[in-house]
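Take a look at the structure below.
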Number of protein chains: 2
Amino acid sequence: MASQSRTPYTILGCLTLQPMSGYDVKQFLERTLVHFWSESPGQIYPTLRRLEEQGLAEGSAEPGQRGKEKRVYRITDAGRETLQAWLRKPAEPSQPRYEHTLKLFFGHSVGREASLAHVERLRRRTEADLAHYREHERELAEQAAKEPDSPAPYWLVVLRGGIQYSAMALEWCDETEATLRALPTQSADRRPGRASQSDREDEE
Amino acid sequence: MASQSRTPYTILGCLTLQPMSGYDVKQFLERTLVHFWSESPGQIYPTLRRLEEQGLAEGSAEPGQRGKEKRVYRITDAGRETLQAWLRKPAEPSQPRYEHTLKLFFGHSVGREASLAHVERLRRRTEADLAHYREHERELAEQAAKEPDSPAPYWLVVLRGGIQYSAMALEWCDETEATLRALPTQSADRRPGRASQSDREDEE
DNA sequence: ATTGCCATGTAAGGGGTTACATGATTAT
DNA sequence: ATAATCATGTAACCCCTTACATGGCAAT
């Protein structure tokens with residue numbers, strides 16, 4: 001451990017749900033956490049090995065559904081302790097880097113039309129995400145109501161976060177579109193290769 | 001170029017505002033884009049060198065205010081073209097990884113109290129961010145109104161995004177807190193080292 | 001026959017951060 | 001004196017993704 005990679009904890013978290021192979025972990029993350037967290041195979045398989053070496057998980061060979069046999073890991077008591085200790089520690093603040101934010105920030109260099117295009121693309125993506133989240137919301141809410149001690153409520157609050165984020169983003173798209181449309185068109189004249197007036201002077 | 005690193009474009013974007021040294025770029029990013037984008041010195045200085053090699057920026061030695069002399073770079077026409085071409089291309093969708101989301105997702109392993117603590121910490125951080133954004137909002141709005149062809153409107157829409165994100169996050173904190181408080185306390189009994197009932201069977 | 005899915009893994013490389021080395025100048 | 005700021009840079013390292021290699025089984 002001792003590293004600040006969150007992959008081992010993510011995997012341990014998956015293993016608390018049920019014993020899983022690397023493939024199972026990958027599938028589970030892709031189906032439930034995609035938009036909130038993801039891990040690549042190049043991380044998952046080596047990490048599972050390491051978890052076993054450290055006694056945090058135990059692997060056993062089991063026949064796969066088709067193809068090769070599966071190597072199924074189950075979490076150990078030590079693994080549960082390690083996971084819980086990490087889960088209790090404050091989360092590191094994360095500063096995400098949204099490329100569309102960066103492109104908009106420097107939008108003055110290309111003018112409103114190009115910037116509006118970014119907003120529209122973001123809107124379409126966000127609408128698709130939102131529709132996707134809404135589908136899952138009902139399922140999870142039912143599961144949370146039925147099973148008394150299931151992890152569903154925790155998954156639901158995360159999903160609600162995604163829904164609220166998307167709704168916020170769509171409102172921001174509306175507002176931004178209006179703001180940009182209200183701008184004078186002159187900055188749209190900054191065609192590629194043409195320096196802006198204020199920068200020309202001692203150039204060339 | 002040819003890479004998918006966004007550092008060179010970030011720097012070129014800064015250089016469209018005025019000629020800057022590596023230190024200036026670092027300062028500017030820290031003061032205006034911190035929460036939306038950041039670059040480390042280990043990226044900035046080598047990238048500036050590469051930009052010069054590629055003819056996208058031109059460096060010249062100028063006396064610094066104190067200490068060593070500054071190496072000030074100014075963007076070239078080729079640099080402006082390269083930046084604009086990139087700015088016009090659609091942004092890559094980004095899937096950010098929020099550690100607090102991950103810790104909440106697996107909150108069932110530690111119970112409501114530990115999860116509520118994460119929510120409270122996030123709330124405090126978000127409130128601080130929001131206050132910070134609000135300060136800048138006024139300045140930027142004034143600047144956008146005064147100067148006719150300034151980049152301020154573009155910076156403002158990004159800042160508005162931060163404000164709306166923070167407001168949304170605070171609402172989410174309220175909702176999540178309520179949801180978690182409504183949960184039965186039993187899952188809080190999953191103390192470190194104690195396996196949950198459903199997982200015990202063939203263990204130890 | 002061949003595509004597609006199940007399943008495990010590795011190698012290479014890229015992007016990025018942290019930490020350090022260096023050093024001059026100004027303010028306390 | 002010493003701390004802080006200005007200023008540039010590098011080396012090490014880590015995390016992570018991409019792409020590939022392997023291969024068996026099931027369905028079309």
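Fair warning: this is a prediction, and the values are worked out from it, not measured in the lab. Throughout, protein chains are lettered first and strands after them, A, B, ... in sequence-line order, and every chain is numbered starting at 1.
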Show the distances under 3.5 angstrom between N or O atoms of the protein and N or O atoms of nucleotides 9-13 of chain C.
{"from": "dG9(C)", "atom 1": "OP1", "to": "Arg49(A)", "atom 2": "NH2", "distance (Å)": "2.6"}

ask   = Taking atom C1' of dG4(C) as reference, at what distance in whole Å does atom CD of Gln27(A) sit?
value = 13 Å
inquiry  = I want to check a possible cation-pi pair here: Arg49(A) against Tyr45(A), using under 6.0 Å from ring centre and within 45° of the ring axis as the test.
reply    = no
query = What's the closest nucleotide to the Ser40(B) side chain, out of dC15(D), dT17(C), dA7(C)?
reply = dT17(C)
ask   = Looking at Ser5(B), does any N or O in its side chain come under 4.0 Å of the phosphate oxygens OP1/OP2 on dG16(C)?
value = yes
Given dC16(D), dT17(C), dT8(C), the nucleotide with the shortest approach to the side chain of Thr7(A) = dC16(D)
ask   = Is Arg97(B) near enough to dC16(D) that one of its side-chain N or O atoms lies under 4.0 angstrom from OP1 or OP2?
value = yes
ask   = Between Arg50(B) (CZ) and dT8(D) (P), how many Å, whole number?
value = 17 Å
query = Can a side chain N or O of Arg6(A) be found less than 4.0 Å away from OP1 or OP2 on dC16(D)?
reply = yes
task = Quickly, which of Glu137(B), Arg138(B), His132(B) forms a side chain to side chain contact (heavy atoms under 4.5 Å, CB included) with Arg134(B)? Name it, please.
result = Glu137(B)
inquiry  = Can you measure Glu92(B) atom CD to dT17(D) atom C1' for me and round it to whole angstrom units?
reply    = 13 Å
query = Rounded to whole angstroms, how far apart are CD1 on Ile44(A) and P on dC16(D)?
reply = 11 Å
ask   = Arg97(A): what forms a side-chain hydrogen bond (donor to acceptor under 3.5 Å, both in side chains) with it, not counting sequence neighbours?
value = Glu39(B)
inquiry  = Nearest heavy atom decides the nucleotide; on that basis, is Glu39(A) or Gly22(B) closer to the 5' end of DNA chain D?
reply    = Gly22(B)
ask   = Can the positive tip of Arg31(A) be found less than 6.0 Å from the middle of the six-membered ring of Phe28(A), inside 45° of the ring normal?
value = no
request  = Please check the phosphate of dT8(D) (OP1 and OP2 only) for any side-chain N or O of Tyr23(B) closer than 4.0 Å.
outcome  = no
message = Can you give me the closest heavy-atom contact between Glu99(A) and Ser94(B), atom names plus distance?
response = N-OG, 4.2 Å
task = Mind calculating the distance between CD (Glu99(B)) and P (dC16(D)) to the nearest angstrom?
result = 10 Å
task = Using atom CD of Glu69(A) as one end and atom C1' of dC6(C) as the other, report the distance to the nearest whole Å.
result = 13 Å
query = How long is the line joining CG of Asp24(B) and P of dC6(D), in whole Å?
reply = 10 Å
note = Closest of dT17(C), dC15(D), dG16(C) to the Gln4(A) side chain is dC15(D)
request  = Consider the side chain of Ser21(B), meaning its heavy atoms from C-beta on, and name the nucleotide among dA7(C), dT8(D), dC16(D) that approaches it most closely.
outcome  = dT8(D)
ask   = Atom CD of Glu30(B) to atom P of dA7(D): distance rounded to whole Å?
value = 14 Å
note = Sorted by chain and residue number, the salt bridge (charged side-chain N to carboxylate O under 4.0 Å, His left out) partners of Lys70(B) (sequence neighbours excluded) come out as Asp24(B)
task = Work out which heavy atom in Ile75(A) is nearest to a heavy atom in Arg80(A); give both atom names and the distance.
result = CG2-NH2, 3.4 Å
